[in-house]
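The next block holds one structure in the form of C-alpha cells; read it before the comments.
In what follows, chains are A, B, ... by sequence order, proteins preceding strands, each numbered from 1.
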Amino acid sequence: MTDNRKYDPKSIEGKWRARWDETGLYRSKVDWSKPKHYALTMLPYPSGDLHIGHWFAMTPSDARARFMRMKGFNVLFPMGFDAFGLPAENAAIQRNIHPMKWTYANMDRMRGQLRSMGAMFDWEREMVSCDPIYYKWTEWFFKQFYEGGLAYRGEALVNWSPTLQTVLANEQVIDGKDERTGQPVVQKLMTQWFFRYTRYAEEMLDFSRIDWPEPIRVMETNWIGKSEGARVTFHVALTPDPSPTGRGEEKGEPFEIYTTRPDTLWGVSFMVLAPEHPLVEKITTQKQQKAIREYVEKTARMTEIDRTAEGKEKTGVWTGAYAINPVNGAKVPIWIADYVMISYGTGAIMAVPSGDQRDFEFARKFGLEIIPVIQPEGEHFDGATMVEAYDGAGFMINSGDFNGHFSNGEKGRKNPAISAVLDWLAEKGYGKEFVNYRLRDWLISRQRYWGSPIPIIHKADGTMETVPDDQLPVELPADVEFLPTGRSPLTYHEPFLNTVDSSGQPARRETDTMDTFMCSSWYWYRYLSPKYEKGPFDPEEAAYWLPVDTYTGGAEHATMHLLYSRWFARAMRDLGMFDETMKIMEQHGRDPEVLKLGEPMLQLRNQGQVLGEERAGHFIVATGTWQAAKLFADSVTVINPADAPANSAGVVGEIIKRTENILTVDIGGGETRTVEVQPEATVTIPGIEGVARADQLKHHLEIQRMSKSKGNVINPDILVEKYGSDTVRAYLMFGFDWAKGGPWNSQQISGVVRWINDVWDLVTNTTPAAQGNPAVERDVERKVHQTIHEVTDDLENFTFNGGIAALMKLRNELRELLKTGGVGAESWRGAVRDMLLMMAPFTPHIAEELWAQQGHPYSIHQQNWPVYDAAKAAEDEVTLVVQVNGKVRERIMVPATIEEARATELALANEAVQKWLADGAPKKIIFIPGRNGQEPKLNLVV
RNA sequence: GGGGAAGUGGCGGAAUUGGCAUACGCGCAUGACUUAGGAUCAUGUGGUUUACACCUUGCGGGUUCGAGUCCCGCCUUCCCCA
C-alpha cells in the first residue's frame, strides 16, 4: 500500500518559512540559563543579486548553527548588509540613480533571496551599514579613536587610484593595482586620516588562544612582518669630495637607517636613500642635481611592485654626497635607488654588498667597493672576486674589535654577534635596538561620497575639532549631484560643507568619508542591539553573546577585514568600551577574561570558492575561403568529434574562444586557427531548428572564477526554482570539500535530488511490517546510531560532505532493511525520527514537513540532537582482517569481542592463511583489537 | 625568490591516533519495466591478467609488523607575499 504523494518543494518550503516567521522560531534572546553560541557568517555587499558563492558560504554555516542549537545552545545567527562602497556610487554615475536608492533596492531583492535559503537568520537583528542609525556609531568610533590617540591626520605617500578617484589602503593594492578593478595605482603625497594600526602589531601576532586556520595565521603574521634589528645614526660628511675614504670628517646632518644586520656595519660601502627621502634635496651636489631630479621623477611614476621586482636591473644615482659610518668613521657615498622604499623603516639603508644580494648587484653594476665582513670557516672572501653576497653563518672579519665574533646567520638577539653589536651600539650611542613592522598605519579616508562621513570640522584658523556627540551622525546629504568630475559630490555640496564650529564661527566639514572596512570592523556588535541608542551595542546583550564563537567566510579577507577586526576589538577594549559589559558578565558569574583577550572571534573557518563549470566547446567543421591565416567561413557545422573528417580544406576542431563571429578553433596538436563566420554563412547546430546564428556557437569554458563576462555564472534562484532550496543547500554541502571549493558540476546534483526524493518516499510512502523481527530491528538501531556518530562528528568539524554521505548511506541501509520485512512500526518510526532530526540542519524544510507528517510536535528545529550510544552502534560480529607480512590475505567473521589468543588460533587454523605462511610459525604476531568502529586486525610476520 | 595549501578511480570526493585505500555520489555498462526515457528498479564498475596472482593514493628514497597518513629529496597546481 503506497500513496502517490510526491515530493514537491514548492508546496512546502514557502509554507514552512512563513510559519517559522510567524512563530518567531529564529528569534534569539538572551537567556542566562542556557549556554550561548554566537555563530557569525560574513555579510554580503548589496550588489544586486545573491551569488551561488553566498549560498556556498552561508548555507553550511547555517547548518552548523542549527546543529549547535539542537545541541542545546542558545544560538545567535544574524545577517545584515555591508552597504557602503564604490559600486553604488559608480551605478549612480553611470545610470543616474542615487546610491541610496540603488543600494536599498538591491537589499530588498537580496533579502528575498536570502530568505529562500531557509536559514535561521534572526532578521530582527539585521544591521545595514549605510543606515544613519548604524553609521552614527561608525562615526562615534572614529571620534573615540581620535580622542583616544588612535587616529590622526597626516601627510603620507599614499596609493592613489586615478580610476576610482580615491586613495586606497595598502591592503587594497595587489601587485601595484587596485584589487577591485585591476587598474594601476600611483603613489602620491597626500594628507589623509590614519589609524594607529601598528599599536597592536605585537599583540596581533599572538594566536595562541584562538582557533583560527593555520594559513590565515601565517598570512597575518607575514603581513605584520615583524623584524628585529637596529636603528643606527649616520652623518652626512661636511667635506665634499674628492678624498674617497678619508677618516675623521666633520659630521654634518644626522640621518637614521634601519638594519636587521648590525653585525655587518663594518661592511658598509655606500648608503642608499629612497628617492623620496627629504635629505636627498639637501645633500645633492650641484653637479648631480639634474641626474637626481630626473631619477626621482622617473621613480615617482613607478609602482612599488616594479621597483622591487627580483630580476629587475638595478638602477640608482649618486647624490654626490658622502656619509660617515659611526662604527669606523669610514666615508661612503650616498646614492638614491628605487629599491629602497620611503615607507619601510626609515627610508634609508646602509648597503653591505658582501652580505646582501641586492646591494651586491648594485655595487657590481656601479663599481662600488665590496668589503666582506662575515666569513664562514675555511673560506677566504675577497671583495674583488666574490660572485654573490653571503648571508649565512660565519666569523666577523674587517670589523675592528669585533673580529672573530661568530654570527650564526639568524636575525635579532638569537644571533650572538648581533646581540654583542647591539649592546655596543647602545653603549656608544651610535644606535639602538629596534623592532620594525612591515605593517603600516591603516589609511581610512576615502575621497568618495558613499561612505560614513568623518565627524570632523575644520575651523577657520586651520585647526580641527570633532562634531559633538549630540550632533551625530553627520548625515550624508541626499540631494547630491554626481558630476563627471571624478570628485566626490561632498566637495561641492555647499550646505554640507558649510557649518559652524563650537564657538559659532563659520567652519567647513571634512569631506573625506571612511573606508568601508571601517563599517565592517564592528558590525557583529551592532547585531546585538541594532536599534540601541545609548551606544554602539547594549552591554546587557553583549555580556551574554560576546565574543563571536564561530566566524565563517572567505580566506581572502585574512589581511584586511579580519586583521582590522582584531585591531578594532583591542582598540575598543583599551578605550573602555567593554567595561560595562564585563561588569555585567561578572554579575552573571561569567569570566570577562574572554573580552580582555581583544579577540573578536574565537573560532574561524574558511570555505573555498565555487568556480565555473568546465564545458567543452562545439566541435565544428568550417569551410570557406582562406585569406592569409584566417578562414572566412560560409558554412559552419557542429558535429560529434568522433565523426571528424580526416581531411578537410577548412577548419575542424573545438571552439576555444568566440568573440562575436570570430572563432578560435583548436585543430589539435596544440595548434589553433582563426575562423571568421561570414554574416550570410550557414551555421548548423544539432538541436537547433533550421539555420542557427554564429552567436549560438558554444566555446570551451575553462574552470575559473564565475563572472558575468565569462558566461559561467550559476544563478541560485534558477536552481531553487528547479530543485527547491533544500536540494541546493544539500548539494553545495555534499558536492565539495567545503574548505576547498571547486568547479560547479551540474550533473552531480541529481544524486542529491534522488536522495531527497528517496527520503520523502521512505517516510510518506512506505509501510513497516506488522510484526517486527528483533534481529532486524537491532540492525536498524545499529545503523541509526552509527550514522549519529558520523553526522555529529562531521557537523562538529565542518565536514558537511561527510555528514550528507552518512545520511545517504543510512537511506540505502534503511531501504534494504525495510525490504527484509522485519522492521515493525515502532522501530521504523524511531529510525525515521532520528533520521529527520539529523537532516534538519542540512535540509530544514523537508525535515520540518516530514516531522509534521509523522505527527511530531512543531518544530523539529527546537528538538534535541539525537544522542549517540556506542553500545547501540556496536556490531556483534566483525571481520577479522588477517594480514601476512602486512598484506591482507583473509577475512574471517568473528565476534566483536575477540581477543588476541582466539584471533591467532583462528587465523593459524585458516587454510588460506596457512598457504601464505608456507611452513613454519610466524616470527611475530601483531594484533590490533577492534576499536572506534574499526575491525580487529592481525598481522602475521614470517 | 620566500611562505602556505594541495596532488587519491573517467569525475566530485571519503579515509579519528599510522591499521581492510577508493566510503557517499556522479558517470558508465548490462538487464528489467516501458509507446518512449534525460523516470524508476536490479546488478556490476581502480588497473593489468584466461587464471593464480600482481600492481595502485604525483615521482624517488627512508622509518615501521604495517604508510594516502610520518621523515628526506624532487615534480606539478593553486593561494599569499616580494
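Looking at the side chain of Lys937(A), the nearest of the listed nucleotides rC20(B), rG25(B), rC80(B) is rC20(B). For Val218(A), counting side-chain heavy atoms from C-beta on, the closest listed nucleotide (rG3(B), rC65(B), rC81(B)) is rG3(B). Closest to the side chain of Asp737(A), out of rA42(B), rA14(B), rG4(B), is rA14(B). Among the nucleotides rC65(B), rC11(B), rA82(B), the one closest to the side chain of Gln748(A) is rC11(B). You'll find that the side chain of Asp758(A) is closest to rC41(B), out of rU16(B), rC26(B), rC41(B). Between rA42(B), rG27(B), rA23(B), one nucleotide has an atom nearer to the side chain of Ala805(A) than all others, and that is rA23(B). Distances from the side chain of Met808(A) to the nucleotides rC20(B), rC26(B), rG25(B) place rG25(B) closest. Among the nucleotides rC26(B), rC20(B), rG25(B), the one closest to any side-chain atom of Val881(A) is rC20(B).
Between Asn812(A) and rA23(B) there is no side-chain polar atom (N or O) within less than 4.0 angstrom of OP1 or OP2. Within the 4.0 Å cut-off from OP1 or OP2 of rG7(B), not a single side-chain nitrogen or oxygen of Lys740(A) is found. Listed pair Lys924(A) / rC65(B) meets the phosphate criterion, a side-chain N or O lying under 4.0 Å from OP1 or OP2. Checking the phosphate oxygens (OP1, OP2) of rC54(B), a side-chain nitrogen or oxygen of Arg889(A) falls inside 4.0 Å. Residue Lys887(A) has a polar side-chain atom (N or O) positioned under 4.0 Å from OP1 or OP2 of rC55(B). Neither OP1 nor OP2 of rG25(B) sits under 4.0 Å from any side-chain N or O of Asn801(A). For rC24(B), the OP1/OP2 oxygens have no side-chain nitrogen or oxygen of Arg811(A) closer than 4.0 Å. Look at Arg358(A) and you won't find any side-chain N or O under 4.0 angstrom from OP1 or OP2 of rA82(B). Using a 4.0 Å cut-off, no side-chain N or O of Arg217(A) falls inside it from OP1 or OP2 of rG4(B).
Mapped onto RNA chain B by nearest heavy atom, Thr799(A) and Ile928(A) fall at different nucleotides, with Thr799(A) at the one closer to the 5' end. Annotation: of the two residues near RNA chain B, Asp793(A) and Val752(A), the 5′-most nearest-nucleotide partner is Asp793(A).
Atom P of rU69(B) sits at a distance of 11 Å from the matching atom of rG7(B), rounded to the whole Å. Comparing rG3(B) with rU22(B), their P atoms are spaced 37 Å from each other, to the whole Å. The separation of rG46(B) from rC52(B), taken at their P atoms, amounts to 15 Å, rounded to a whole angstrom. Taking atom C1' in both rG18(B) and rG68(B), one finds a spacing of 10 Å when rounded to whole Å. rC80(B) sits 37 Å from rC28(B) when the P atoms are compared, rounded to a whole Å. Of the P atoms belonging to rA42(B) and rC26(B), the separation is 12 Å, rounded to the nearest Å. With both ends at atom C1', the span from rA14(B) to rG9(B) equals 13 Å, rounded to whole Å. rU8(B) and rG58(B) are spaced 10 Å apart, taking the C1' atom of each and rounding to whole Å.
Of the nucleotides present, rC81(B) is the one that pairs with rG1(B) by Watson-Crick or G-U wobble criteria, both distances under 3.5 Å. Base pairing analysis places rA29(B) opposite rU43(B); the two distances defining the Watson-Crick or G-U wobble pair are each below 3.5 Å. rG60(B) is paired with rC72(B) under the criterion used here, namely a Watson-Crick or G-U wobble arrangement in which both key atom distances are under 3.5 Å. Within the shown strands, nothing qualifies as a pairing partner of rA36(B) under the Watson-Crick or G-U definition with both distances less than 3.5 Å. Nucleotide rC20(B) is matched to nothing when pairs are restricted to Watson-Crick or G-U wobble geometry with both distances under 3.5 angstrom.
Atom P of nucleotide rG13(B) and atom CZ of Phe734(A) are separated by 11 Å, given to the nearest angstrom. One can place CD1 of Ile216(A) at 12 Å from P of rC81(B), the figure rounded to the nearest angstrom. For Phe800(A) and rG25(B), the CZ to C1' distance is 18 Å, given to the nearest whole Å. Residue Met219(A) contributes atom CE, which lies 16 Å from atom P of rC78(B) at whole-angstrom precision. Between the C1' atom of rA5(B) and the CG atom of Asn222(A) lies a distance of 14 Å, rounded to the nearest Å. Rounded to an integer number of Å, the gap from Ile898(A) CD1 to rG19(B) P is 21 Å.
Residue side chain Gln747(A) does not reach the base of rG27(B) through any donor-acceptor N/O pair under 3.5 Å, judged by distance alone.
Checking Tyr339(A) against Asp359(A) by side-chain atom types alone, a donor-acceptor pair falls below 3.5 Å. A donor atom on one side chain and an acceptor atom on the other are not found under 3.5 Å apart for Glu813(A) and Gln786(A). Between Thr799(A) and Trp738(A), the side chains place no donor N or O within less than 3.5 Å of an acceptor N or O (distance only, hydrogens not considered). A side-chain donor from one of Ser227(A) and Tyr258(A) sits under 3.5 Å from a side-chain acceptor of the other. Judged by distance alone, the side chains of Asp338(A) and Thr315(A) do bring a donor and an acceptor atom under 3.5 Å apart.
The aromatic rings of His789(A) and Tyr868(A) sit parallel to each other, their planes meeting at less than 30°, with 60° as the upper class boundary.
At a threshold of 4.0 angstrom between heavy atoms, the contacts of Arg891(A) include nucleobase atoms, whether or not backbone atoms are also involved. Base engagement by Gln883(A) is indicated by at least one non-hydrogen atom pair under 4.0 Å involving a base atom. Among the protein residues, Gly741(A) comes within range of the sugar-phosphate backbone only, with heavy atoms under 4.0 Å from sugar or phosphate atoms but none that close to a base.
In this structure, the ring of Trp744(A) has its center no less than 6.0 angstrom from the ring center of Phe56(A).
With salt bridges taken as basic N to acidic carboxylate O contacts below 4.0 Å, one links Glu214(A) and Arg217(A). Using a 4.0 Å cut-off between charged side-chain N and carboxylate O, Glu905(A) and Arg902(A) make a salt bridge.
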